[in-house]
Amino acid sequence: MSVRDYLIDIEPLRTSPDFRSIFVARVVSLFGLGMASVALAAQVYDLTESIFQIAVTSMIMSVTVLIGSLWGGVMADRMDRKRLIVYARGAAAFAFAGLTWNALSPDPKVWVIFLCVAWDGLATGVSVTALMAVAPTLVRPDQLPAAGALISLTGEIGSIAAPLLGGVLLALWGPGPVFAFAAVTTAITTFLISRIRPLPPVRDDDPDDPDGHDTDGAKDSGSLLVAFKYAWRNKVVGGLLTLGGVTALFTMPVVVFPAMVDKEFGGGDVMLGVLYTASAVGSVIVSATSGWLTRAARPGRLLLIAAFVGGLSMIGFGLSGNIVVAVVMLAICGGAGTVYEILEYALVQHNTPDRLRGRIVSVITTQDTAGDIVGDAEVALIAKWFSPSGAAVVNGVICAITAVAVAVAVPGLRQATLPKEAWEDDDEEDDQDDQEDAPHAADGSGEVEGSDGDHGGSGSTQGGPEVTTVEKARPIGG
């Protein structure tokens, strides 16, 4: 493989105008949200001088995102997903407008901040779930890992650059203009998404159940229960939800970083910043060099290995006792987490019928959000029983054991594969056709079967990566 093969695959951006619009909209939105998060925490602290009030703000956001994700997943399987995203992002723009008005008023109110944060959390939960559900319908099945890598890379870069830029603007102008900037970026996101084609859920893309029935034979009621029944029946999706639930709860214990820097590493604020950045750096490196992931022969097996390595790296971090080793372990953990995230995205989308994709994605989003809410409390409790580093070791052990257990108990996930690249399949078919047609040419008949350019009667011309029709993308739900 050449160096180019290891670089992130940007083909989905080249071949799908709609995916390109959503990608740009996501980048713009992430910068606005990241900058607003810094201004939000700073303003709440300035008004209350209470860390508890900042925690309350974060809790309101997490809970409302969770509620919005569950409701948005159900709605994403019932209505045009483009309209749902446009409505949700438009609603979020009003929330940022409210934060701007409050920040620029002579007497800003904390309760107004809480209200706007709750409104934005609901809107964000809906839009994120619907957005994750539509992305796979805009690319070919073999492009899912590449699409996942692009989405992951934008998230990691946004988490690093946006807060930094937000801090600079906050220092220059205060929270009001930062919230106004977030409102503008949200409006731009809404406009970009409004320009893509309609994206209603596909009802007949499940070959095992083309009529859209649930596991009891009844017509799909559109409830979350139907999605859970499907996950129970589909071992790949069920295994991913089980493993994802555990890793979301027992994730990297960032809340112990300050205590470890103070008591074990003997550092200060700069060292703390390095620890918080190390995981993101590992994630960015893996995302930027994820080209090889799109060609993984056994993505299910690789995902399980990534989960296991992530657990081991957490154990290594807890046992490090040295800042250099700790940073390396965190970077490895971030990289392993990104491999897991990219492959989880591709495998879930490929193994979920489009009519259920919104609800399945909402369950995954809910797991991540609930993990953020409960995980910090779990880590704090374990750290109290043992030590901050002991909490990291315990979480790592649980994640590693769970990865091994799922690998043994769910062979379907361990053996899961993804579609090969479309142009590779076309090349193999062409080679077979050439070998079969050679005798006819030798007889001088001059007729070559299939020479009209219609491969397999699909009506599309050969061109591999140039094909971006909906029909080409719909087999995702197989």
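Quick note: residue numbers are just sequence positions, from 1.
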Requested in this report: Show your reasoning for whether side chain to side chain contact (heavy atoms under 4.5 Å, CB included) applies to Thr289 and Ile8.
Outcome: CA-CA 5 Å; Thr289 58; Ile8 189 169; over 6 Å; no
**Report entry** Side-chain donor/acceptor of Thr124 to backbone N/O of Gly121, under 3.5 Å
**Finding:** no
Query raised in the report: Is Ser37 reaching over with its side chain to a backbone N or O of Gly34, donor-acceptor style, under 3.5 angstrom?
Result: yes
Query raised in the report: Would Met132 and Tyr345 satisfy side chain to side chain contact (heavy atoms under 4.5 Å, CB included), going step by step from the backbone distance to the final call?
Result: CA-CA 9 Å; Met132 295 297 286; Tyr345 173 86; 3.4 Å; yes
Query raised in the report: Is there a donor-acceptor contact under 3.5 Å from the side chain of Arg81 to the main chain of Ala76?
Result: yes
Query raised in the report: Looking at Leu302 and Ala296, what are the two nearest heavy atoms and their distance?
Result: CD2-CB, 4.0 Å
Query raised in the report: How far does CG of Leu170 sit from CG of Leu40, to the nearest 0.5 angstrom?
Result: 11.0 Å
Query raised in the report: Has the side chain of Asp80 got a donor or acceptor atom that lies under 3.5 Å from a matching backbone atom of Leu199?
Result: yes
Report summary line: So CD of Glu344 and OG1 of Thr338: to nearest 0.5 Å the spacing works out to 12.0 Å
Query raised in the report: Quick one: CZ on Phe317 to CG on Leu330, what's the gap to the nearest 0.5 Å?
Result: 4.5 Å
Query raised in the report: Rounded to the nearest 0.5 Å, how far does CD1 of Ile22 lie from OG of Ser29?
Result: 12.0 Å
**Report entry** Side chains of Arg301 and Gln415, donor plus acceptor under 3.5 Å
**Finding:** no
Query - Asn395 side chain to Thr251 backbone, donor-acceptor under 3.5 Å - result: yes
Requested in this report: Taking the side chain as every heavy atom from C-beta outward, state whether Thr185 and Phe31 have any pair of such atoms under 4.5 Å apart.
Outcome: no
Report summary line: Heavy-atom closest pair (Ala403 atom, Ala307 atom, distance to 0.1 Å) is CB-CB, 3.9 Å
Query - Pair Thr15-Gln143, side-chain donor/acceptor within less than 3.5 Å - result: yes
Query raised in the report: Should we say atom OH of Tyr45 is surrounded by more than 12 heavy atoms from elsewhere, each under 6.0 Å from it?
Result: no
Query raised in the report: Ring centres of Phe308 and Tyr340 under 6.0 Å apart?
Result: no
Query raised in the report: Any idea which heavy atoms bring Phe96 and Phe179 closest together, and the distance?
Result: CB-O, 3.9 Å
Query raised in the report: Is there a donor-acceptor pair closer than 3.5 Å between any side-chain N or O of Gln367 and the backbone N or O of Leu241?
Result: yes
Query raised in the report: Are any non-hydrogen side-chain atoms of Met61 and Phe114 less than 4.5 angstrom apart?
Result: no
Query raised in the report: Yes or no on salt bridge (charged side-chain N to carboxylate O under 4.0 Å, His left out) for Asp142 and Arg140, after CA distance, side-chain angles and deciding distance?
Result: CA-CA 5 Å; Asp142 61 277; Arg140 297 194 314 267; 2.9 Å; yes
Query raised in the report: Any sub-3.5 Å donor-acceptor pair from Ser283's side-chain atoms to Gly334's backbone N or O?
Result: yes
Report task. Could you tell me whether the side chains of Ser69 and Thr365 share a donor-acceptor contact shorter than 3.5 Å? Result -> no
Query raised in the report: Which is it for Cys399 and Met314 under the side chain to side chain contact (heavy atoms under 4.5 Å, CB included) test, yes or no, and what are the steps along the way?
Result: CA-CA 9 Å; Cys399 288; Met314 273 193 277; 3.6 Å; yes
Query - Any Gln43 side-chain heavy atom under 4.5 Å of Ile113 side chain - result: yes
Query raised in the report: Side chains of Leu303 and Leu240: does their closest heavy-atom pair fall under 4.5 Å?
Result: yes
Report task. Test salt bridge (charged side-chain N to carboxylate O under 4.0 Å, His left out) on Asp77 and Arg357 and set out the steps. Result -> CA-CA 7 Å; Asp77 291 339; Arg357 193 167 286 133; over 6 Å; no
Report task. Could you tell me whether a side-chain N or O of Thr57 sits under 3.5 Å from a main-chain N or O of Gln53, the two making a donor and an acceptor? Result -> yes
Report task. Would you please test Trp71 and Leu122 for side chain to side chain contact (heavy atoms under 4.5 Å, CB included) and show each step? Result -> CA-CA 9 Å; Trp71 184 79; Leu122 290 171; over 6 Å; no
Query raised in the report: Any luck finding a side-chain donor-acceptor pair between Ser127 and Arg89 under 3.5 Å?
Result: yes
Query raised in the report: Can any side-chain N or O of Asn102 pair as donor or acceptor with the backbone N or O of Gly98 at less than 3.5 Å?
Result: no
Report task. Report yes or no: does Ser290 contribute a side-chain atom to a donor-acceptor pair with the main-chain N or O of Leu293 at less than 3.5 Å? Result -> no
**Report entry** Rounded distance [0.5 Å steps], CZ in Arg26 versus CZ in Phe23
**Finding:** 8.5 Å
Requested in this report: Evaluate salt bridge (charged side-chain N to carboxylate O under 4.0 Å, His left out) for Asp18 paired with Lys82, printing each intermediate quantity in order.
Outcome: CA-CA 11 Å; Asp18 286 340; Lys82 185 194 83 169; over 6 Å; no
